[in-house]
Amino acid sequence: MKKSIYNSIIKKTKKLAILIDPDKVDTANISGLIQLANKGKIDFFFVGGSLVAEKPEKIIIHLKKHSKVPVILFPGSLLQFTPSADAILLLSLISGRNPELLIGNHVALAPFLKKSKMQVLPTGYILINTGSTSSVEYISNTVPIPDNKTDIVVATAIAGEMLGLKLIYLEAGSGAQRSVSSELIDEVKQNINIPLIVGGGIKTEQHIKNVCDAGADIIVLGTVAEKELGQINKFSDIIHSYYY
Ligand code: 1GP
């Protein structure tokens, strides 16, 4: 694994990643996010989605042209692969039992990744059911772990780390009514030694404080950035006020 983006993740502040769905955001309406990025308010752009009709390439090239913030592909499927991003979250959906999302897609993608200059970030992706069916659940054909099954979530995260994955991602699903609970984040964080990404349904100042206090290292915001861009400046300041 090439180290530089990963090294920046493990540095001593919490990070804000903004999720960009190429179907919802285009080069004409992304200037506000680029301005925030250039003011140091955004640490990473994640680009991708569960079901994306628009190829992510155009938006990635635009982001890279106008800002220095690393662009990380967060692919919902192999169809979203493009070597134009700086890095890729190579997701293993370890909460599920769909072999394509545990190894099949990785085999198909490996020759392309090997040829590309992208940094590969092997990530244990854990889908949590916080009360509603997410797009990821439906599209991935996997069963998310119920959010009251703390022991299963923690064991899954530990297994991911033991398998050599470099990041754990707790995902409630984009637009989730409820984000992953503080208790669950805290339990997982106490049991792993790799960075923890948390996303899905985080949309208020209080949510941000809760997930930061509980131990999230990277906080992913998607829907709130699309709908209430004006809030991101404040949210970023909260996230960046935490030091380990
Ligand atoms: C990324 O799915 C999240 O993990 C983004 O979720 O759109 O609810 O912020 P939101």
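First listed ligand is number 1; within each ligand, the first listed atom is number 1.
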So, does Ser236 use its side chain to make a donor-acceptor pair with the main chain of Ile232 at under 3.5 Å?
no
Within the structure provided, determine whether Glu205 and Ile238 are in side-chain contact (heavy-atom separation under 4.5 Å).
yes
Can you list the ligand 1 atoms lying under 4.0 Å from a non-hydrogen atom of Thr223?
7 (O), 8 (O), 9 (O), 10 (P)
Atom 1 (C) of ligand 1 - nearest protein heavy atom and its distance
Tyr169 OH, 3.0 Å
Checking a contact table here: which protein heavy atom is nearest atom 2 (O) of ligand 1, and how many Å away?
Glu171 OE1, 3.0 Å
Can Ile5 and Asp86 be said to form a side chain to side chain contact (heavy atoms under 4.5 Å, CB included), step by step?
CA-CA 9 Å; Ile5 289 181; Asp86 299 303; 3.9 Å; yes
Heavy atoms of Thr150 and Asp147 approach each other most closely as OG1-O, 4.4 Å
Find out whether the Lys NZ or Arg CZ of Lys115 is both under 6.0 angstrom from the six-membered ring centre of Phe112 and within 45° of the ring's axis.
yes
The atoms of ligand 1 lying under 4.0 Å from a heavy atom of Leu221, numbered in the order shown, are 9 (O)
Please say whether Gly222 places an N or O atom under 3.5 Å from an N or O atom belonging to ligand 1.
yes
Check the angle between the aromatic planes of Tyr169 and Tyr125 and answer parallel, tilted or perpendicular using the 30° and 60° thresholds.
perpendicular
Does ligand 1 come near enough to Gly175 that some N or O of the ligand is less than 3.5 Å from an N or O of the residue?
yes
Numbered atoms and elements of ligand 1 in range of Gly200, under 4.0 angstrom, heavy atoms
3 (C), 4 (O), 5 (C), 6 (O), 8 (O)
Protein residue, atom and distance nearest to atom 5 (C) of ligand 1, heavy-atom basis:
Leu19 CD2, 3.7 Å
